Amino acid sequence: MADEDVWDSIDRLHDWLDADRSREGPAHDDRAHDDQDELLLRILKLSEEVGEVARAVIGATGQNPRKGTTHTWDDVRAELCDVVITGLVALRTLAPDAREVFTAHLAGVTDRSLGPDPGSG
């Protein structure tokens with residue numbers, strides 16, 4: 001999947017979540033949130049997803065003697081992907097220009113960590 005496709009998917013997931021939030025009816029009455037609440041809830045969702053990574057790592061390594069090995073490293077990879085997707089959707093909720101925000105931040109972290117790209121100058 002190309003970078004464009006990733007961000008197209010993030011935009012579509014963001015729009016889907018927003019559309020679900022705006023539905024009316026008895027099944028959704030208890031989920032009426034304003035924009036700030038929705039942003040906070042999407043950011044908090046990251047904690048839930050990180051917890052699922054931890055559970056998968058514990059399960060893959062068999063660290064719970066009561067349960068033994070309950071997950072695979074494929075499960076860990078899938079949960080890590082969920083963290084990334086959830087983070088990008090939360091970023092998109094906070095910043096309509098999430099692609100540019102993320103790209104600029106990644107470039108800054110990369111430069112700070114590895115130094116400037118020798119091929120970029």
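Just so you know, these numbers come straight off a predicted model, no measurement behind them.
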Please enumerate all residues that pass side chain to side chain donor-acceptor pair (under 3.5 Å) together with Thr93, with sequence neighbours excluded. Arg42

With sequence neighbours excluded, give me every salt bridge (Lys or Arg N to Asp or Glu O under 4.0 Å) pair touching residues 52-65. none

Using the test salt bridge (charged side-chain N to carboxylate O under 4.0 Å, His left out), find all partners of Asp11 that sit at least two apart in sequence or belong to another chain. Arg92

Can you list, by chain and residue number, the hydrophobic cluster partners of Leu46 when the side-chain cut-off is 4.5 Å? Val50, Val53, Val57, Trp73, Val76, Leu80, Val83

I'd like to check the salt bridge (charged side-chain N to carboxylate O under 4.0 Å, His left out) partners of Asp5; sequence neighbours left out, ordered by chain and number. none

Residues at least two apart in sequence or cross-chain that pass side chain to side chain donor-acceptor pair (under 3.5 Å) with His71, listed by chain then number, are none

To the nearest 0.5 Å, what is the distance between CZ on Arg12 and CG on Asp8? 5.5 Å

Value rounded to 0.5 Å, distance of CG in Asp37 from CG in Asp34: 4.0 Å

Using links of under 4.5 Å between side-chain heavy atoms of ILVMFWY residues, direct or through other members, which residues join Leu39 in one cluster? Ile43, Leu94

Residue list, side chain to side chain contact (heavy atoms under 4.5 Å, CB included) with Arg112, at least two apart or on another chain: Val109

Can you list everything that forms a side chain to side chain contact (heavy atoms under 4.5 Å, CB included) with Thr110? Sequence neighbours excluded, please. Leu106, Leu114

Between Ile85 and Ile10, which heavy-atom pair has the shortest distance, and what is it? O-CD1, 4.2 Å

Could you pull out all residues at least two apart from Thr72 that satisfy side chain to side chain donor-acceptor pair (under 3.5 Å)? Asp75

Nearest 0.5 Å, please: how far is CZ in Phe102 from CG in Leu88? 6.0 Å

Measure the spacing between CG of Asp82 and CD of Glu49 and express it to the nearest 0.5 Å. 5.0 Å

Can you name the residues that form a salt bridge (charged side-chain N to carboxylate O under 4.0 Å, His left out) with Glu79, not counting sequence neighbours? none

Would Arg77 and Asp74 count as a salt bridge (charged side-chain N to carboxylate O under 4.0 Å, His left out) here? Give the steps. CA-CA 5 Å; Arg77 284 188 280 273; Asp74 284 340; 2.3 Å; yes

Where at least one partner belongs to residues 95-104, residue pairs that pass salt bridge (Lys or Arg N to Asp or Glu O under 4.0 Å), sequence neighbours excluded: Glu4-Arg99

